[in-house]
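In what follows, a single structure is set out as structure tokens and then discussed.
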Amino acid sequence: MTFEERIIQLRDQLHQYNHAYYNEDKSLVSDFEFDQLLKELQALEKAHPTLQDPSSPTQRVGGSVTKNFPTLLHAERMYSLDNTYSPEELGEWIKRIEKIYGAPIEDFTCELKFDGASINMTYVNGTLQKAVTRGDGTQGDEVTANVKTIKNVPLKLQGDYPAEFDIRGEIILPLEGFKQLNEKRLAAGEEAYRNPRNTASGSLKLQDSAETAQRPLQCFFYALAGELPYATHWESLTKARSWGFTIPKSMQPVSSLDEMLAYIQHWGEQREQLPFEIDGIVIKVNDISVQSQLGFTAKSPRWAISYKFKAEQVSTRLNSVSYQVGRTGAITPVANLEPVQLSGTIVKRASLHNADQIEKLNLRIGDSVYVEKGGEIIPKIMGFDPAKRGALENVIHYITHCPDCQAPLERIPGEAQHYCVNDTQCPPQLIGKIQHFVSRKAMDIDGIGAETIALLFQQGLIYNIADLYRLEKEQLLPLERMAEKSVDNLLAGVAASKQQPFAKVLFGLGIRHVGETVAKRLAAHFGSMLALLQARQEELLAVEDIGEKIVESLNTYFINPDNQRMIQDLTDFGLSMEVEVVEKASSKLDGKTIVVSGVFEKVSRNELKKMIEDNGGKVGSSISSKTSFVVAGASMGPAKKDKANKLNIPLISEDDFLKML
Ligand code: AMP
Ligand code: ZN
């Protein structure tokens with residue numbers, strides 16, 4: 001047997017053992033034997049580097065180092081789920097979607113809602129190509145090398161899998177593994193991790209994949225994404241299980257609200273016995289064609305919902321209240337609590353939101369307060385225990401001056417928040433504005449984190465966002481934690497940000513009430529900073545979604561000479577102050593609505609969609625009488641074919657479509 005043959009044999013064998021162990025609950029060899037074979041393979045691969053294979057079982061050992069995780073777009077957006085908290089709400093959801101669908105729906109699945117980090121994995125020809133975190137839903141971080149170390153993630157599939165598909169799952173850290181990890185950390189004098197969920201997502205972002213490999217992570221898969229030839233969610237996951245994915249056996253088909261409630265009741269009681277954390281149940285419409293008719297809201301699918309278990313409540317002592325200043329000057333009061341364990345987390349602080357909320361809760365320092373964790377991460381104070389009250393003189397007096405710059409606070413009539421209006425000098429506001437500017441949704445500047453910005457500010461190197469573009473290597477090198485490499489990264493990131501589109505620049509300025517969507521609207525409508533600066537009140541108000549509050553905030557911002565100067569500086573540094581006009585490739589598809597379906601050979605689906613748009617066409621999401629034609633790839637679903645035939649809509653092959661252009 002040649003080395004090459006032996007390597008292939010070992011890989012096949014190890015894949016086989018792994019599959020049997022994780023998908024069929026069968027140990028075909030002892031751990032010891034498995035390790036021996038793996039070591040042999042490692043040694044052979046090391047000796048024959050030309051025979052490397054990105055799907056080799058040795059990938060699980062890790063060892064590659066990733067400094068910066070690249071940001072990648074998801075082919076299909078990763079949505080969140082709407083929440084319900086009571087049987088009534090769940091019943092209302094069913095009624096709501098039946099109304100939209102226009103007929104009773106009696107085919108659902110119930111699944112556990114795993115509390116970990118979501119991940120999207122792409123498989124091509126049966127091997128794992130990439131794994132990307134959910135991120136903001138549209139794009140996330142590529143963490144493939146780390147995900148490959150997770151033992152139950154198949155690196156090579158078996159059976160009749162589609163040539164290319166995405167699959168989604170939740171990466172979790174089981175409670176036992178979390179406990180052991182913390183014991184080790186404490187023994188080494190390090191701080192304990194707070195909860196399994198954050199630790200799981202943190203583990204995906206470790207630079208050294210060998211370290212990730214040490215953590216007993218697992219991935220539970222819960223959905224395939226994209227167009228695939230399966231009629232139901234159940235069918236698609238059953239298929240996925242046969243290819244080697246861990247699809248939890250707890251998934252169950254149900255047909256009525258009563259059956260859903262029985263499932264919820266059962267797992268509500270069993271959840272304490274589970275070796276990992278769940279935070280609810282997910283209910284999904286099973287039939288994929290019904291799913292696509294229900295579609296999505298801006299945030300979540302209409303065809304799925306989560307049922308959150310009742311929040312756990314504990315009581316603890318309110319020690320003090322402190323006040324934080326945000327980047328817009330908004331003051332957030334924060335309750336400092338006697339640390340207490342709550343749903344697997346140690347809680348030390350809770351937001352009190354604003355002065356009204358404090359008044360409503362009628363708290364005193366020293367009170368024993370009830371703390372609850374609902375759907376959101378930040379725990380809430382629900383009330384106090386009248387039997388254990390703090391002293392009367394300990395009423396909470398809301399501050400009147402900024403805790404950081406001592407300027408008097410103001411409250412805009414009609415708004416709940418107090419503001420420090422000293423926005424040109426108050427340090428946390430200045431730092432916060434720069435942090436916002438570099439953040440991912442704004443200018444997305446790599447190589448400069450929140451702490452670095454605080455440091456540069458304290459060192460007097462930056463005061464506003466324009467100063468970022470004045471930074472020089474010699475100024476940065478002497479700073480603590482600033483190796484030459486990090487300095488180069490930082491400067492390269494800053495320089496690269498000049499390519500960001502105008503909408504991002506506008507959002508990055510951090511003008512109060514000008515969020516991402518508003519910035520996009522304004523950029524698209526006015527086309528340039530100059531036009532926006534010159535726009536009159538009525539013109540601004542005429543733009544969709546732009547109300548008085550926003551217009552007033554824009555005025556206040558643009559009238560300020562410091563801001564004017566800064567915008568001028570940014571313009572001089574070469575940032576985009578205009579919407580870039582994209583040249584259309586042609587108008588060959590003007591007026592046509594085209595649906596793309598199936599898997600393609602020469603170009604990806606996303607490329608196809610872009611080609612349609614570049615040539616003047618519109619991409620349709622589902623086949624209807626308005627569809628001009630369908631570009632049909634391999635494994636286009638039979639239901640879709642029928643529909644196209646019924647409506648007499650032509651199907652065009654990939655090749656013919658490419659010839660058209
Ligand atoms: P949320 O983040 O609360 O909006 O809930 C959506 C997230 O729940 C998804 O992004 C998944 O990461 C996670 N999740 C956990 N288990 C499931 C499941 N069985 N089906 C769908 N999503 C799930
Ligand atoms: Zn201040």
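Each ligand, and each atom within it, is numbered from 1 in the order the structure gives. Source: prediction; values computed, not measured.
- Residue contacts with ligand 1 leave out D115, since none of its heavy atoms falls under 4.0 Å from the ligand.
- Nearest non-hydrogen protein atom to atom 16 (N) of ligand 1 is F114 N, 3.1 Å.
- When the side-chain hydrogen bond (donor to acceptor under 3.5 Å, both in side chains) test is applied to E92, no partner is found at least two apart in sequence or on another chain.
- With the Zn ion (ligand 2) as vertex, C426 SG and C405 SG subtend 110°, rounded to 10°.
- With Q459 as the partner, the side-chain contact (heavy atoms from CB on, under 4.5 Å) test is satisfied by one option alone out of L455, L456, I462: L455.
- Inspection of the N336 and S320 side chains reveals an N or O donor paired with an N or O acceptor under 3.5 Å.
- Remark: ligand 1 and N83 share no N or O pair separated by less than 3.5 Å (distance only, no angle test).
- Y230 and S236 get closest at one heavy-atom pair: CD1-CB, 3.7 Å.
- Taking 4.0 Å as the cut-off, K284 counts as a neighbour of ligand 1 on heavy-atom distance.
- Looking at K299, R134, E170, it is R134 that brings a heavy atom closest to atom 2 (O) of ligand 1.
- With no hydrogens or angles considered, no side-chain donor-acceptor pair links T212 and Q214 at under 3.5 Å.
- Heavy-atom distances between M78 and ligand 1 stay at or above 4.0 Å for every pair.
- Here R411 pairs with D356 under the salt bridge (Lys or Arg N to Asp or Glu O under 4.0 Å) rule; sequence neighbours left out.
- Taking the six-membered ring where tryptophan is involved, the planes of F507 and H436 are perpendicular, since the angle between them exceeds 60° and thus also 30°.
- Interface of S118 with ligand 1, defined as ligand atoms under 4.0 Å from a residue heavy atom, comprises 10 (O), 12 (O).
- A donor-acceptor contact shorter than 3.5 Å links the side chain of R302 to the backbone of L294.
- Checked against a 3.5 angstrom limit, the closest N/O atoms of L81 and ligand 1 fall inside it.
- Geometry at the Zn ion (ligand 2): SG/C420 and SG/C402 form an angle of 110°, nearest 10 degrees.
- With E111, K113, H233 as candidates, the residue nearest to atom 5 (O) of ligand 1 on a non-hydrogen basis is K113.
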